[in-house]
Amino acid sequence: MNTKSNKILLELNQAGVFRSDKWLVRDVSFTLSEGEILTIIGPNGSGKSTTAKMALGILKPDMGSITLHTNKIAYVPQKLEINWTLPLRVIDFMMLTKKIKLEEINNALEMTGVASLIHKNLDNLSGGELQRVLLARAIVNKPQLLILDEPVQGVDFNGEIALYNLINNISSELNCGTILISHDLHFVMSSTNNVICLNGHICCSGSPKTIIQSKEFIDLFGEKASQTLSPYEHDHDHSH
């Protein structure tokens with residue numbers, strides 16, 4: 001991972017969201033710097049997507065504060081709402097909300113390995129190809145902060161590994177800070193700097209090695225998960 005800069009991009013300080021007479025998530029504190037990958041894990045309904053939306057400014061916190069030190073932000077949502085009855089090529093999708101130079105589009109698609117698909121319709125893409133196009137659209141303007149909500153949905157196991165390696169390479173090449181919401185604990189071990197485990201609040205946080213040894217992690221995911229992931233721990237202070 002790229003560590004050539006440690007400029008802080010995002011700070012959350014005891015942030016939380018209260019809706020329908022309950023806290024969706026509360027007391028969330030962390031910082032994210034350039035070149036760093038932060039992975040947020042937790043069971044369904046634990047507040048992962050809510051935390052991402054707070055970081056994006058989509059949801060205002062009802063407690064605590066959020067400070068952004070960049071306005072160059074890109075987001076890949078968990079679900080993409082598209083009317084699949086309309087023909088939409090990759091190049092059209094890349095320019096859906098703003099005019100982008102063809103050279104920049106080609107560069108982004110090249111970086112994600114799908115430059116050959118530029119004139120293909122979105123509804124003809126495989127799950128892995130679509131995720132790569134979504135990533136390309138997110139990085140076309142070279143964001144400083146990249147937020148990815150479950151970016152490997154609909155992708156087979158080999159495709160997941162390739163996508164996570166791609167995310168790692170993008171973070172390194174762009175030197176962007178990346179927040180990754182993931183259920184894939186193996187990726188947490190192999191390709192992230194820090195982990196936050198949520199269950200309505202931060203249960204535990206720290207390096208992957210610290211996380212899998214914590215009681216809170218074992219309570220949520222079980223002793224078997226901790227033992228299975230132990231072989232994946234390694235030094236993260238180098239490039240992958």
Going from CG on L12 to CG on L68, what distance comes out if it is rounded to the nearest 0.5 angstrom?
8.5 Å
For residues C176 and L145, determine if any side-chain heavy atom of one lies less than 4.5 Å from a side-chain heavy atom of the other.
no
Does E173 reach the main-chain N or O of I170 with its side chain, forming a donor-acceptor pair under 3.5 Å?
no
Less than 4.5 Å apart, any side-chain heavy atom of S205 and any of I196?
yes
On a heavy-atom basis, which atom in P151 and which in L180 lie closest, and how many Å separate them?
CG-CD1, 3.3 Å
Okay, side chain of T112, backbone of R132: is any donor-acceptor separation there less than 3.5 Å?
yes
Is it the case that the side chain of Q131 and the backbone of G128 share a donor-acceptor pair, with hydrogens and angles ignored and the cut-off at 3.5 Å?
no
Non-hydrogen side-chain atoms of S33 and K7 separated by less than 4.5 Å
no
Any chance you could measure Q213, atom CD, to C204, atom SG, to the nearest 0.5 Å?
11.5 Å
When rounded to the nearest 0.5 Å, the distance separating CD1 of I147 from OG1 of T178 is 9.5 Å
Keeping D92 on the side-chain end and R89 on the backbone end, is there a donor-acceptor pair under 3.5 Å?
yes
Within the 4.5 Å heavy-atom criterion, are L10 and I179 side-chain neighbours or not?
yes
Trace of the side-chain contact (heavy atoms from CB on, under 4.5 Å) decision for C197 with E216:
CA-CA 9 Å; C197 186; E216 292 81 4; over 6 Å; no
Establish, for the pair R137 and F93, whether the NZ or CZ atom is under 6.0 angstrom from the six-membered ring centre and no further than 45 degrees off its axis.
yes
I'd like to know if the side chain of R26 reaches the main chain of H201, judged simply by a donor and an acceptor atom lying under 3.5 Å from each other, with no hydrogens or angles considered.
no
Are the side chains of H119 and V90 in touch, meaning some heavy atoms are under 4.5 Å apart?
no
Can any side-chain N or O of D62 pair as donor or acceptor with the backbone N or O of V17 at less than 3.5 Å?
no
Can you measure from CD1 (I105) to CD1 (I118) and round to the nearest 0.5 angstrom?
6.0 Å
Okay, side chain of K48, backbone of L198: is any donor-acceptor separation there less than 3.5 Å?
no
Count I, L, V, M, F, W, Y as connected when their side-chain heavy atoms are under 4.5 Å apart, and connections chain through other members. Are L88 and V140 then in the same cluster?
yes
If only atom types and distance count, is the side chain of T192 paired as donor or acceptor with the main-chain N or O of I37 below 3.5 Å?
yes
What one should report as the nearest heavy-atom pair of N199 and P43 is OD1-CG, 3.7 Å
For a 4.5 angstrom cut-off between non-hydrogen side-chain atoms, does I8 reach L32?
no
Below 4.5 Å, heavy atoms only, C-beta onward: do K120 and L125 meet side chain to side chain?
yes
Please give me the minimum heavy-atom distance between L135 and L163, naming the atom from each residue.
CD1-CD2, 4.0 Å
Side-chain donor or acceptor of T39 paired with backbone N/O of V195 under 3.5 Å:
no
Minimum heavy-atom distance V25-S46, with the two atoms named:
CG2-O, 4.2 Å
Just checking, is any N or O donor in the side chain of H69 or E11 under 3.5 Å from an acceptor N or O on the other one?
yes
Supply the atom-to-atom distance I139 CD1 to L134 CG, rounded to the nearest 0.5 angstrom.
11.5 Å
Drop me the distance from S214's OG to L220's CG, to the nearest 0.5 angstrom.
8.5 Å
Of all heavy-atom pairs linking E150 and S182, the shortest is OE1-CA, 3.8 Å
Identify the two heavy atoms, one from Y75 and one from I58, that lie closest to each other, and give their separation to 0.1 Å.
CE2-CD1, 4.5 Å
Test item: D156 side-chain N/O and G159 main-chain N/O as donor-acceptor pair under 3.5 Å:
yes
Salt bridge present between D149 and K53 (N-O < 4.0 angstrom)
no
Please check if the number of heavy atoms outside E110 that lie under 6.0 Å from its CD is greater than 12.
no
Taking the side chain as every heavy atom from C-beta outward, state whether L56 and I73 have any pair of such atoms under 4.5 Å apart.
yes
